[in-house]
Amino acid sequence: MQGKLKCTTLLLALLTVCGSIFAQTLTEKLAVDPNVKIGKLPNGLTYYVRQNKKPENKVEMRLVVNAGSVLEDNDEQGLAHFTEHMAFNGSKHFKKNELVDFLQKIGVEFGADLNAYTGFDETVYILPVPLSDTGNLRKGLTVLQDWATGLSFDTKEIDDERGVVLEESRLGKGADDRMFRKIYPIQYAGSKYAERLPIGKDSIIKNAKYDVVKRFYKDYYRPNLQAVIIVGDIDIAQTEQLIKEYFGSLKNPATQRPRVNAKVPARTTNQSIVVTDKEATNFVTEVDYPAIPSKIEKTVGDYRSSLIKDLFTAMLNQRLNELTRSSKPPFLYASTGFNSYARGYESFSAFTVAAQGGPDTALNALMTEVKRATKYGFTQAEPERNKKQSLAGFENMYNNRDKTESSSFAEEYIRAFLNSEAIPGIAKEYEYYQKLLPGIKLEEINALAASLQKNEKLFVSLQGPSESNFTLPDKTKLLTLAENALKADVKPYQEKAVASELMKTKPETGAIVSEKKNEQLGTTEITFSNGAKAILKPTDFKNDEIVMTSFHKGGLSKYPAEDKYSANYASTVVQQMGISDFSPVDLQKFMAGKIASANPRIGGLSAGINGKSSIKDLETMLQMVNLYFTAPRKDETLFNGWKEKQKSQMQFAMADPQTAFVDTFYQVLYQKNPLAPVIIPKPEDFDKINLD
């Protein structure tokens, strides 16, 4: 008895020590990637510099301004975006259109490379510069310096640019924009976000006085609200000195307007809206839970909490995805997540695109799954699958870490500056994943799911075509549908066991009958005993990626008009039904933790199967290829479900003017030839597909 007591005491002591170490780890501050040099000049300007040789002889440059449309005064609506346009219309070192001409001469293409965007809270300028000329880095910094402090705002250029911005505004005024402008102000009621869409008001863009146009730039383009990001084939120390040279002398105004973060008030009651438009092409229903302040990730514990959230949404979205692949899909698509247009806030939201059953059926199915998750949580198998998949994905990124493009790092540092996103670097982040993910308990994920029930002050919006066969609910009934779905009695999710092997029996091994090398191309061509050929080429583009393509002559051109739709959709339909004994849902579950895919394709003149895998999962990819050739799964129920989804998707397509134009264009181009390519299918075309 005394010996057992000693063992118990020792075990408790060990558990206490382990718990203490774990707690200490969770309170530890998140690391900062040592490969990026982060600094702040005395004037408050922040900079991020990183050497990265992908691609070689190129640098990605960004000027980030922590100011966007949400900061505009009432008479400035649209002028944050207008200021962005003026950055390309004359500055201290580049008069009028000289900037674009200059950049094109050094190999930067306007639109494709050189670009900018304005959001609610930020304005970002994008400048990739080739370093074929060693002086181009300085030239690029001159451009960034002018954007930061030296715009001209020539009155003629202002007046000329009004028409450009008004045309951009006009081009955006489609059905989606018209409906969004009715929904968004209610969704964010009580906040400046509801009143400050970045495109602004046409009347202000058209008529704003010159001093008003210049005001936003004068107030908010200042060093202590700016960041310069330089990533590429550069020397870090030299680039840091250049940043100090070009930006160290910039001054903040003597009197500074405070940079105030806009608030989003808590929703106190359920709300809803129904909006229709004659050019809408589908019914979209969205359910938003209240926006709450989001937590900045500072510690390992914060990072772990974000992993729990990621697991929750991934598992819920997988359940929704399973429904889209059922015999009678209740919706074409559905998804959930934690997001918000407002900086510093997040909201759980769910949306769905209606199928043949209409928006009522789609909304009910969506909220039923949300209810099922919040009431019963998830099964033990679901997080285990998702953990495997997440770890496999991160392992693949880690293995390819030295192949990351400079633009990816630049985007990461933009988020770090604007949203305080952690940047531990891929090596440290992979370490966090390996340490934290396995220890996340099912109970923690289920607790997050259950917490959504505590604040169900919903905002429900429905948007869609003004003419349809459905009787649409009014806003009161729409809200009632969502509320009733959350009150309804639901059963727990039923987990189905999946086989542990793709192939019951492995195929007989063939023989290599010839092997031929091409030194010029660096390839080896192998011919097998069945006549098939394989061309192998080693590359160093990625460290952990194998890419496969295959082809044979033939394709759609081999088939007569009566088989047109069967041939056009054959490769798509096959993938909707799975392989061997695996339905698409079963196959997705089996593939958890594996990086491999195979996709049949049939083109106009050739057909084949494309694939991709990590090195360790090459055999899995090849097994999938073999099964698509030898054991495509026939499932008439899933085929019919897919057909109904396609019909629903195309039901209102012609209401969109651009789609109608493209359809007419191709009919005229091919003079209604029965063998013309299928560009815009009609709902009835899917009934012409013969499954056999």
Say you draw a straight line from [atom1] of [X] to [atom2] of [Y]; how long is it, rounded to the nearest 0.5 Å?
X    : Y    : atom1 : atom2 : value
R50  : N35  : CZ    : CG    : 4.5 Å
T324 : L332 : OG1   : CG    : 9.0 Å
F409 : Y413 : CZ    : OH    : 5.5 Å
L478 : L462 : CG    : CG    : 5.5 Å
E412 : I229 : CD    : CD1   : 10.0 Å
E411 : R62  : CD    : CZ    : 5.5 Å

Residue pair S583, D586: steps toward the side chain to side chain donor-acceptor pair (under 3.5 Å) verdict: CA-CA 5 Å; S583 70; D586 293 339; 3.2 Å; yes

Whether [X] side chain and [Y] backbone form a donor-acceptor pair below 3.5 Å:
X    : Y    : value
Q318 : M315 : no
Y333 : F351 : no
T352 : L363 : no

Between [Y] and [X], is there a side-chain donor-acceptor contact under 3.5 Å, judged purely by atom types and distance?
X    : Y    : value
T299 : D302 : yes
E72  : Q77  : no
Y345 : S191 : no
T123 : E84  : no
N66  : R222 : no
Y193 : D121 : yes
N396 : R401 : no
Q187 : D288 : yes
E60  : S406 : no
S340 : E346 : no
T336 : N317 : yes
D219 : Q256 : no
N282 : Q651 : no

Candidate list R181, R178, K182, K173, test salt bridge (charged side-chain N to carboxylate O under 4.0 Å, His left out), partner D277, passing option: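 Passing option: R178.
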
Please work out which of the three classes, parallel, tilted or perpendicular, describes the rings of [Y] and [X], given edges at 30° and 60°.
X    : Y    : answer
F652 : F283 : perpendicular
Y303 : Y433 : perpendicular
Y221 : F216 : perpendicular
F417 : Y48  : perpendicular

Full working for side-chain contact (heavy atoms from CB on, under 4.5 Å) between V300 and T27: CA-CA 6 Å; V300 173; T27 57; over 6 Å; no

Could you tell me whether the side chain of [Y] reaches within less than 4.5 Å of the side chain of [X], counting heavy atoms only?
X    : Y    : result
T268 : K457 : no
K645 : F331 : no
I423 : I38  : yes
V124 : V65  : no
N321 : Q588 : yes

Can a salt bridge be assigned to the pair [X] and [Y] using a cut-off of 4.0 Å between side-chain N and carboxylate O?
X    : Y    : result
D33  : K428 : no
E444 : R304 : yes
E384 : K387 : yes

Would you say [X] has more than 12 foreign heavy atoms packed within less than 6.0 Å of its [atom1]?
X    : atom1 : value
E467 : CD    : no
K647 : NZ    : yes
K475 : NZ    : no
K201 : NZ    : no
Q658 : CD    : no
Y125 : OH    : yes

Working for salt bridge (Lys or Arg N to Asp or Glu O under 4.0 Å), residues R215 and D75: CA-CA 10 Å; R215 189 199 304 151; D75 62 348; 2.9 Å; yes

Shortest non-hydrogen contact between A291 and V264, atoms and distance: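 Between these two residues, the closest heavy atoms are CB-CG1, 4.1 Å.
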
Chi angles and distances behind the side chain to side chain donor-acceptor pair (under 3.5 Å) call for D656, T281: CA-CA 6 Å; D656 174 48; T281 57; over 6 Å; no

Test applied, side-chain contact (heavy atoms from CB on, under 4.5 Å); reference residue, F459; option that passes from V287, L479, I273: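 Looking at V287, L479, I273, the match for F459 under the side-chain contact (heavy atoms from CB on, under 4.5 Å) is I273.
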
Verdict with supporting geometry, E495 and R385, salt bridge (Lys or Arg N to Asp or Glu O under 4.0 Å): CA-CA 12 Å; E495 181 68 41; R385 273 197 306 271; 2.8 Å; yes

Cationic tip of K594 above F590 ring, under 6.0 Å, 45° of axis: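 Yes, a cation-pi geometry.
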
R372 charged N/C atom sitting above Y493 aromatic ring, 6.0 Å / 45°: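 No cation-pi geometry.
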
Residue pair S461, E286: steps toward the side chain to side chain donor-acceptor pair (under 3.5 Å) verdict: CA-CA 5 Å; S461 62; E286 182 172 332; 5.0 Å; no

Stepwise side-chain contact (heavy atoms from CB on, under 4.5 Å) test for K192 and K263: CA-CA 8 Å; K192 282 194 76 174; K263 304 294 184 185; over 6 Å; no

Derivation of the side-chain contact (heavy atoms from CB on, under 4.5 Å) call for I292 and F338: CA-CA 10 Å; I292 58 174; F338 291 89; over 6 Å; no

Salt bridge (Lys or Arg N to Asp or Glu O under 4.0 Å) between R170 and E167, worked out: CA-CA 5 Å; R170 186 188 70 80; E167 177 62 10; 2.7 Å; yes

Test side-chain contact (heavy atoms from CB on, under 4.5 Å) applied to L472 and T276, step by step: CA-CA 10 Å; L472 297 184; T276 61; 3.7 Å; yes

